[in-house]
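Below: one structure, written as structure tokens.
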Amino acid sequence: MCTVASAVSLIVTAVGTASSMYERKEQTRQAEKAAEQESAYQLGLLETEKAKNMEEAQRALQRGEIEAERQRRNARRGIGDVRSMLSAGGFELDSGSNLSLLTEQAEENQYENSLIRYQAATEANRLQNQAWQTQGAQWNLQAQKKLASSAARSNLNYQQGKSLLTGMAQGGLAIYSGLQESGKIK
């Protein structure tokens, strides 16, 4: 009779241990799934931000080219107007201070054009750097996700081992108690 009670106690302990191990595994799986969903969401946000920054960088370069072309046309028009006025006034354009004036104006226009392109390139570089920082954040998030997953699996293994050892100890105590009651062990 005592051995039947010990066997029943052992079976109940084994079932309880297995149930506990399954619950812990299921909790860990659900936590990993929730973390995976959050990570995917964050990675999506970062990818969108990176794409937006790269697109804005391209637009900045395009705006710079358009503005430089606009400035170049206006400069040509302005120099043409000055030449027309000087010619209409009877001034010579091929030598002297009038030629210096036109040359300086052309150089000033070229400088402005270069400045516009430089500013556009600087803005594009700033936006591209932001995009690369976002890429770094993505890599960091992916590494954190892997680390958290590994830690969760290690914790699960620890908890399952603990449950198994506790169950075995309880089963051993049940068997020992049964053997003591039956008089086989004193």
>> Could you work out, with side-chain hydrogen bond (donor to acceptor under 3.5 Å, both in side chains) as the rule, every residue matching Arg72, not counting sequence neighbours?
In response: Glu69
>> For the OG atom of Ser39 and the CD atom of Gln144, what is their distance to the nearest 0.5 Å?
In response: 9.0 Å
>> Just to verify, what does Asn74 make a side-chain contact (heavy atoms from CB on, under 4.5 Å) with, not counting sequence neighbours?
In response: Arg70, Arg77
> Rounded to the nearest 0.5 Å, how far does CD1 of Ile66 lie from CD1 of Ile116?
Replying inline: 12.0 Å
>> Can you confirm whether the side chains of Glu123 and Gln119 place a donor and an acceptor under 3.5 Å from each other?
In response: no
> With a 4.5 Å heavy-atom cut-off, do Gln37 and Tyr41 have their side chains touching?
Replying inline: no
>> Using 0.5 Å steps for rounding, measure from the CD atom of Glu107 to the OG atom of Ser114.
In response: 11.5 Å
> In Å and rounded to the nearest 0.5 Å, what is the CD to CG distance from Gln71 to Leu115?
Replying inline: 9.5 Å
> Taking only residues two or more places apart in sequence or in another chain, which ones pass side-chain contact (heavy atoms from CB on, under 4.5 Å) with Glu36?
Replying inline: Lys145
>> Applying side-chain hydrogen bond (donor to acceptor under 3.5 Å, both in side chains), can you list everything that pairs with Asn125, at least two apart in sequence or on another chain?
In response: none
Check: residues 54-62 side-chain donor-acceptor pairs under 3.5 Å, at least two apart:
| residue | atom | partner | partner atom | Å |
| --- | --- | --- | --- | --- |
| Glu55 | OE2 | Arg59 | NH2 | 2.2 |

>> Just verifying a value: how many Å separate Gln110 CD and Glu112 CD, rounded to the nearest 0.5 Å?
In response: 10.5 Å
> Does Arg117 pair with Glu67 as a salt bridge, N-O distance under 4.0 Å?
Replying inline: no
> Just by distance, do the side chain of Asn53 and the backbone of Gln128 share a donor-acceptor pair under 3.5 Å?
Replying inline: no
> Which value, rounded to the nearest 0.5 Å, describes the distance between Leu141 atom CG and Leu43 atom CG?
Replying inline: 4.5 Å
> Taking only residues two or more places apart in sequence, or in another chain, which ones meet Glu49 in a side-chain hydrogen bond (donor to acceptor under 3.5 Å, both in side chains)?
Replying inline: none
>> Under the side-chain contact (heavy atoms from CB on, under 4.5 Å) test against Gln138, which residue among Glu47, Gln133, Gln42 passes?
In response: Glu47
> Would you say the side-chain atoms of Asn109 and Gln105 include a donor-acceptor pair closer than 3.5 Å?
Replying inline: yes
